[in-house]
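Here is the structure we will look at.
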Amino acid sequence: MADPQPSDRGLVPAAGPSVPDAPSAPSAPGTLRASHADRDLVVEQLRVAAGDGRLSPEELDERLELALTARTYAELATLVGDLPAAGTAVSSASLSPTSLSPVVAPSAPKDLIRLHCSSGRAERRGRWVVPNRMDLKVSSGHITLDFTEAVIVQRMLHIDADVRSGHITLITKPGIVVDADDVTVRNGRVQVRAPWGTDVPELLRIDVAGKCGSGHISARPPRRSFWQWLRRAPRPYAIAA
């Protein structure tokens with residue numbers, strides 16, 4: 001008579017060798033978070049590209065707003081992907097956490113610019129190079145400095161202002177900080193408006209010092225044209241404070 005076969009019940013299988021968990025895949029470079037310095041670099045490259053005629057003013061404004069709010073390298077790369085990598089901008093392939101192409105400045109800034117206005121107007125608009133210092137004197141005229149398309153190659157501008165009965169107007173945009181605490185006011189007015197708040201990365205700090213007699217010194221965003229107002233277009237750079 002054959003021996004009875006042992007039952008499989010109650011048998012515990014032998015433990016095999018443990019298999020380690022597979023390592024998690026590293027994050028793609030484009031998904032890594034960008035820093036303020038990365039955003040500043042792309043912003044400057046966009047400005048230079050616009051000055052070279054590669055971007056229209058409308059395209060520059062749109063891309064600048066996206067660059068200032070970009071969170072990852074991939075978002076920044078899309079803003080410069082159609083710009084040449086040599087000289088003025090980086091390509092999307094070269095934009096990474098460890099390598100960003102340097103910006104070539106179009107020209108060196110002057111150390112000092114003097115604008116003295118008695119009863120006329122003096123302006124700086126378009127693509128002008130911001131100097132290190134400015135000496136502004138106004139008797140009864142008007143000086144306007146428009147920084148919306150200016151070429152910024154350093155982070156600080158000092159302005160010595162002497163206003164008797166005229167006006168000095170600084171037209172700014174997100175990233176430009178104006179400090180006018182060192183201006184002595186007699187009968188005039190000093191007003192600084194920055195509706196975009198303080199969370200925007202700082203591109204340029206303007207320190208204004210001097211005196212204001214019966215005129216005024218103001219820093220503000222650009223205003224809408226009549227047709228923009230008529231069409232109820234949004235205010236330029238109207239970012240929530």
Looking at R124, I'd like to know if its CZ atom is crowded, meaning that more than 12 non-hydrogen atoms belonging to other residues, nucleotides or ligands lie closer than 6.0 Å.
no
Is D146 salt-bridged to K173, cutoff N-O under 4.0 Å?
no
Between Q191 and R189, do the side chains contain an N or O donor and an N or O acceptor separated by less than 3.5 Å?
yes
Quick one: do the D38 and H36 side chains pair a donor with an acceptor below 3.5 Å?
no
Work out which heavy atom in I176 is nearest to a heavy atom in F147; give both atom names and the distance.
CD1-CB, 3.5 Å
Side-chain donor-acceptor pair under 3.5 Å between H167 and H216, yes or no?
yes
4.5 Å side-chain heavy-atom contact, L112 and N132:
no
Would you check, one step at a time, whether the test side chain to side chain contact (heavy atoms under 4.5 Å, CB included) holds for D135 with I113?
CA-CA 6 Å; D135 181 18; I113 290 181; over 6 Å; no
Would K137 and D162 count as a salt bridge (Lys or Arg N to Asp or Glu O under 4.0 Å) if you check the C-alpha gap in whole Å, the side-chain angles of each, and the deciding distance to 0.1 Å?
CA-CA 5 Å; K137 292 184 179 180; D162 184 0; 5.2 Å; no
Within the distance-only criterion (no hydrogens, no angle test), does the side chain of S214 pair as donor or acceptor with the backbone N or O of R164 below 3.5 angstrom?
yes
Closest non-hydrogen atom pair, E202 against D40
O-OD2, 4.0 Å
I171 vs T148, test: side chain to side chain contact (heavy atoms under 4.5 Å, CB included). Steps then yes/no.
CA-CA 7 Å; I171 302 177; T148 56; 4.0 Å; yes
Looking only at heavy atoms, what is the nearest atom pair of M134 and P131, with distance?
CG-CG, 3.6 Å
Search all heavy atoms of L46 against all heavy atoms of L60 and return the closest pair with its distance.
O-CD1, 3.6 Å
